[in-house]
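Read through the structure below, which is laid out as structure tokens, and then see the notes.
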Amino acid sequence: MRGTLREFRSFDRPIQLLQINQAGINLGFYMLMPYLAQHLSSGAGLAAWAIGLVLGLRNLSQQGMFLIGGTMADRIGYKPMIMTGCALRTVGFALFGLTTSVPLLIVAAVVTGFAGALFNPAARAYLAVAAGDRKVAAFSVFNVFYQGGILLGPIVGIVLLGTGFAAVCLSAAAIFAVLTVLQGLYLPARRVRADDRRPVLRDWRQAFGDRAFVSFAAAMIASYALSYQMYLTLPLEVQRFGGGQTGVMALYVISALLGIAGQVRLTAWCSARWSRGQAISRGLALMGCAFLPLAVVAGLRLPEGWAMPAVVLCTVLLTTGTLAAFPFEMAIIADMAGDRLIGTYYGLYNLLSGVGILLGNLLSGAMLDAARVSGWSALPWLLLAASGLVSAGAVQRLDRHRRLSPASRPA
């Protein structure tokens with residue numbers, strides 16, 4: 001951690017504030033969201049379809065609005081969008097704790113999701129611009145704070161649950177209110193040189209028409225589908241192997257601790273040996289290989305609990321691959337965007353990543369069901385591994401043809 005703190009102190013105050021801001025965002029979010037579905041069922045008495053509607057609308061309003069949020073950041077400025085997003089999430093989280101009315105819960109879900117679409121691309125764009133040539137190092141420390149919020153959030157949330165779900169919601173809302181004030185007081189205004197007279201659709205056509213960027217985003221879709229297995233197939237495997245909720249929580253703790261302890265050192269190690277494209281490609285390959293241990297044990301009839309080491313190994317490899325790729329991935333997106341449409345590019349990238357997560361969940365869930373029926377229990381894990389390796393090959397090809405280098409790409 002000394003290296004992380006030293007790296008953190010080496011940045012200017014705006015970058016430090018954005019990194020702390022991300023820890024606060026994840027702390028507030030993960031205090032509440034892991035327990036929301038249970039509250040909507042037992043506390044609010046909603047039917048399963050209504051719970052699915054509320055949760056689905058929250059995700060849709062965030063993922064579907066990322067492009068708009070990124071464009072607004074380019075046009076209006078990064079700071080206003082970060083502050084507006086945090087303020088809206090304050091309202092949305094407070095509303096979750098103060099009502100059991102389905103229409104108001106839907107409003108809370110939409111407001112909460114749209115808030116993320118506002119501050120997410122704006123914060124990343126601000127960080128990329130402020131960090132300049134140190135983008136990779138800045139995003140490396142950023143991810144440490146990101147993981148710290150994920151680690152602490154559920155712990156704080158479960159402690160507060162003893163005093164009622166409203167206390168969890170209002171405490172999470174208070175965190176976002178404090179973040180809003182901090183951004184207003186200490187974050188300098190900064191925006192790229194956007195031309196407000198230029199039609200928005202023209203900017204979107206530029207982003208969608210950037211073949212190298214779209215190719216890179218398409219190649220990276222698999223990485224988000226794979227990383228999201230931490231919340232879908234791996235918990236299901238833990239349950240199948242008898243690990244229970246404690247085992248699921250252990251996976252999240254392992255992943256977060258790896259990020260906190262290893263991100264900065266791993267980024268420095270990769271930077272000293274590989275190009276950005278090579279680091280991403282090898283990170284993706286490792287993410288794919290992470291599922292091979294599960295393929296090995298899938299067909300074995302092991303005693304209860306004996307297959308858990310394979311799940312833990314998968315978690316470690318999957319997390320390590322993600323840590324290797326993430327800072328370089330964020331830096332490449334900013335470099336591809338140039339100095340005018342960074343928020344728009346991040347917004348479009350997040351939108352495409354959301355599509356990847358949705359498709360990945362549908363396909364991996366269907367593969368698990370098909371494997372149980374057919375008896376080919378290793379098939380889902382082999383296909384997940386193959387998707388990671390194919391994605392790695394696609395990024396490697398882009399890097400070899402210098403499509404990830406903004407200086408050599410066509411204008």
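Not measured: the values here are computed from a predicted model.
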Under a 4.5 Å cut-off applied to non-hydrogen side-chain atoms, are [X] and [Y] in contact?
X      : Y      : value
Ser171 : Met31  : yes
Ile221 : Leu359 : no
Leu317 : Leu292 : no
Val144 : Val264 : yes
Cys289 : Leu389 : yes
Cys270 : Arg282 : no
Val200 : Arg75  : yes
Phe66  : Leu348 : no

With no hydrogens and no angle check, do the side chains of [X] and [Y] hold a donor and an acceptor under 3.5 Å apart?
X      : Y      : answer
Gln396 : Arg400 : no
Asn26  : Gln22  : yes
Ser275 : Asp399 : yes
Gln229 : Thr233 : yes
Thr344 : Asp74  : yes

Shortest non-hydrogen contact from [X] to [Y]?
X      : Y      : result
Gly356 : Ala225 : O-CB, 3.7 Å
Pro293 : Leu313 : CG-CD2, 3.6 Å
Asn350 : Gln63  : O-NE2, 3.3 Å
Leu226 : Phe291 : CD2-CE1, 3.7 Å
Gly321 : Leu286 : N-CD2, 3.7 Å
Gly85  : Leu118 : CA-CB, 4.0 Å

Are any side-chain N or O atoms of [X] and backbone N or O atoms of [Y], one a donor and one an acceptor, separated by less than 3.5 Å?
X      : Y      : value
Arg89  : Thr112 : yes
Thr319 : Val316 : no
Thr90  : Ala177 : yes
Ser255 : Leu251 : no
Thr180 : Ala87  : yes
Tyr252 : Met230 : yes
Glu7   : Gly3   : no
Ser377 : Ala298 : yes
Tyr349 : Met330 : no
Thr71  : Leu67  : yes

Practice prompt. Give a yes/no verdict on a cation-pi contact between Arg403 and Phe216, requiring under 6.0 Å between NZ or CZ and the six-membered ring centre and an angle within 45° of the axis.
Written response: no
[X] [atom1] to [Y] [atom2] distance, which is reported to the nearest 0.5 Å:
X      : Y      : atom1 : atom2 : value
Thr315 : Leu258 : OG1   : CG    : 9.0 Å
Leu362 : Met367 : CG    : CE    : 11.0 Å
Glu329 : Leu284 : CD    : CG    : 8.0 Å
Gln263 : Thr322 : CD    : OG1   : 9.5 Å
Leu323 : Ile260 : CG    : CD1   : 10.5 Å
Arg202 : Gln206 : CZ    : CD    : 8.0 Å

Counting only heavy atoms from other residues, nucleotides and ligands, does the tally under 6.0 Å from [atom1] of [X] exceed 12?
X      : atom1 : result
Arg273 : CZ    : yes
Ile158 : CD1   : no
Arg265 : CZ    : no

Flag the pair [X] / [Y] as yes when their ring centroid distance falls below 6.0 Å, and as no otherwise.
X      : Y      : answer
Tyr228 : Tyr231 : yes
Trp381 : Trp376 : no
Phe145 : Phe8   : yes

Worksheet item: side chain to side chain contact (heavy atoms under 4.5 Å, CB included) between Ser10 and Arg134: does it pass, once the steps are laid out?
Response: CA-CA 11 Å; Ser10 71; Arg134 299 188 65 201; 3.0 Å; yes
Worksheet item: Step by step, would you call Cys86 with Asn21 a side chain to side chain contact (heavy atoms under 4.5 Å, CB included)?
Response: CA-CA 10 Å; Cys86 288; Asn21 181 64; 4.2 Å; yes
Worksheet item: Where do Leu18 and Ile82 land on the side chain to side chain contact (heavy atoms under 4.5 Å, CB included) test, with the steps shown first?
Response: CA-CA 10 Å; Leu18 288 169; Ile82 296 171; 3.8 Å; yes
Discussion item. Testing Ile332, Ile280, Ile333 one by one against Met220 for a side chain to side chain contact (heavy atoms under 4.5 Å, CB included), which residue passes?
Written reply: Ile280
Item to complete: Please lay out, stage by stage, how Ile25 and Phe176 fare under the test side chain to side chain contact (heavy atoms under 4.5 Å, CB included).
Response: CA-CA 7 Å; Ile25 286 172; Phe176 280 95; 3.8 Å; yes
